[in-house]
S.K.: 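First the structure, which I've put down as structure tokens, then a few questions once you've had a look.
By convention here, the first residue in the shown sequence is residue 1. Counting starts at 1 for both ligands and their atoms, following the listed order.
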Amino acid sequence: MLTIALPKGRLGDKVFSLLRDIGCECEALGRDERSLVITEPGGQRRYLLVKPSDVAIYVEHGAADIGVVGKDVLLEGDNDVYELLDLKLGKCRMAEAAPVGFREDRQRPLRVATKYPRIASRFYASQSRPIEVIKLNGSIELAPLMRLSDVIVDIVETGTTLRHNGLEVTRDILPVSARLIANKASMKFKEPAIGDLSGRLAREIARREEQA
Ligand code: PRP
């Protein structure tokens, strides 16, 4: 049996529909909010519903063979897993944003509020820009409004949250989308099942892109 860790929430709904489209028997996914483990009627695969930031932890430790996780979470967690496929779902970008009209003082470290301290630190190090990281867990856009930070590093999808809070993108950092990841031992011992699923996903993604 293949165990697959899936993210609950916005990305999860898109992944459930992709899995249904390639013929997985997972109609129950997304229907019952309380079940955390859903097994296919045929018993071929079971799905674990976890917080997006926990998917790669389940996969790294072998509690799941494969999983689906955003590239942002994957880079931030730095877990020891294989990245198999770009699912081209949940597309957005990681960016720096600041209050409209913000002028950076290059004489002192930039104060950066973010849920992604590792990604932010790597990015500014690559720009040779000294920073002070302020790690937050949500509502990041509030930080510069309250002068807790100068800028934020966060996910931007439609840009609505930034606009509503008087912020604008000041530096693009990286494009983000969902990735299929695998446990390293599972890739040795369950390669046929993982390879088959990954192949079907790749064909479906290509088909969707052709139609778009
Ligand atoms: C994310 C992100 C932004 C928002 C961006 O938050 O942190 O706040 O989405 O989306 P937009 O550009 O379409 O407005 P999320 O809703 O995941 O919640 P969070 O505050 O817990 O991170």
S.K.: List, pair by pair, the atoms of ligand 1 and of the protein that are both N or O and lie under 3.5 Å apart, giving the separation rounded to 0.1 Å.
M.R.:
{"from": "ligand 1", "atom 1": "7 (O)", "to": "Asp154", "atom 2": "OD1", "distance (Å)": "3.2"}
{"from": "ligand 1", "atom 1": "7 (O)", "to": "Asp154", "atom 2": "OD2", "distance (Å)": "2.7"}
{"from": "ligand 1", "atom 1": "8 (O)", "to": "Glu141", "atom 2": "OE2", "distance (Å)": "2.7"}
{"from": "ligand 1", "atom 1": "9 (O)", "to": "Arg10", "atom 2": "NH2", "distance (Å)": "3.2"}
{"from": "ligand 1", "atom 1": "12 (O)", "to": "Glu157", "atom 2": "N", "distance (Å)": "2.8"}
{"from": "ligand 1", "atom 1": "12 (O)", "to": "Thr158", "atom 2": "N", "distance (Å)": "3.0"}
{"from": "ligand 1", "atom 1": "12 (O)", "to": "Gly159", "atom 2": "N", "distance (Å)": "2.7"}
{"from": "ligand 1", "atom 1": "13 (O)", "to": "Thr158", "atom 2": "N", "distance (Å)": "2.8"}
{"from": "ligand 1", "atom 1": "13 (O)", "to": "Thr158", "atom 2": "OG1", "distance (Å)": "2.5"}
{"from": "ligand 1", "atom 1": "14 (O)", "to": "Thr161", "atom 2": "N", "distance (Å)": "2.9"}
{"from": "ligand 1", "atom 1": "14 (O)", "to": "Thr161", "atom 2": "OG1", "distance (Å)": "2.4"}
{"from": "ligand 1", "atom 1": "16 (O)", "to": "Arg10", "atom 2": "NH2", "distance (Å)": "2.9"}
{"from": "ligand 1", "atom 1": "17 (O)", "to": "Arg10", "atom 2": "NH2", "distance (Å)": "3.2"}
{"from": "ligand 1", "atom 1": "20 (O)", "to": "Ser139", "atom 2": "N", "distance (Å)": "3.4"}
{"from": "ligand 1", "atom 1": "22 (O)", "to": "Lys115", "atom 2": "NZ", "distance (Å)": "2.4"}

S.K.: Under a 4.0 Å threshold between the charged nitrogen and the carboxylate oxygen, would Arg207 count as salt-bridged to Asp21?
M.R.: no
S.K.: Give the C-alpha distance, both sets of side-chain angles, the deciding distance and a yes or no for side chain to side chain donor-acceptor pair (under 3.5 Å) between Asn79 and Glu60.
M.R.: CA-CA 6 Å; Asn79 299 93; Glu60 178 177 23; 2.8 Å; yes
S.K.: Under the rule for salt bridge (charged side-chain N to carboxylate O under 4.0 Å, His left out), what residues qualify as partners of Arg46, not counting sequence neighbours?
M.R.: none
S.K.: In terms of side-chain geometry, is the basic nitrogen of Glu83 or Lys71 positioned less than 4.0 Å from the acidic oxygen of its partner?
M.R.: yes
S.K.: Do the side chain of Asp86 and the main chain of Arg179 share a donor and acceptor less than 3.5 angstrom apart?
M.R.: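 Between the backbone of Arg179 and the side chain of Asp86 there is no qualifying donor-acceptor contact (under 3.5 Å).
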S.K.: Counting distance only, does the side-chain N/O of Glu168 pair as donor-acceptor with the main-chain N or O of Val100 below 3.5 Å?
M.R.: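 Checking the backbone N and O of Val100 against the side chain of Glu168, no donor-acceptor pair under 3.5 Å is found.
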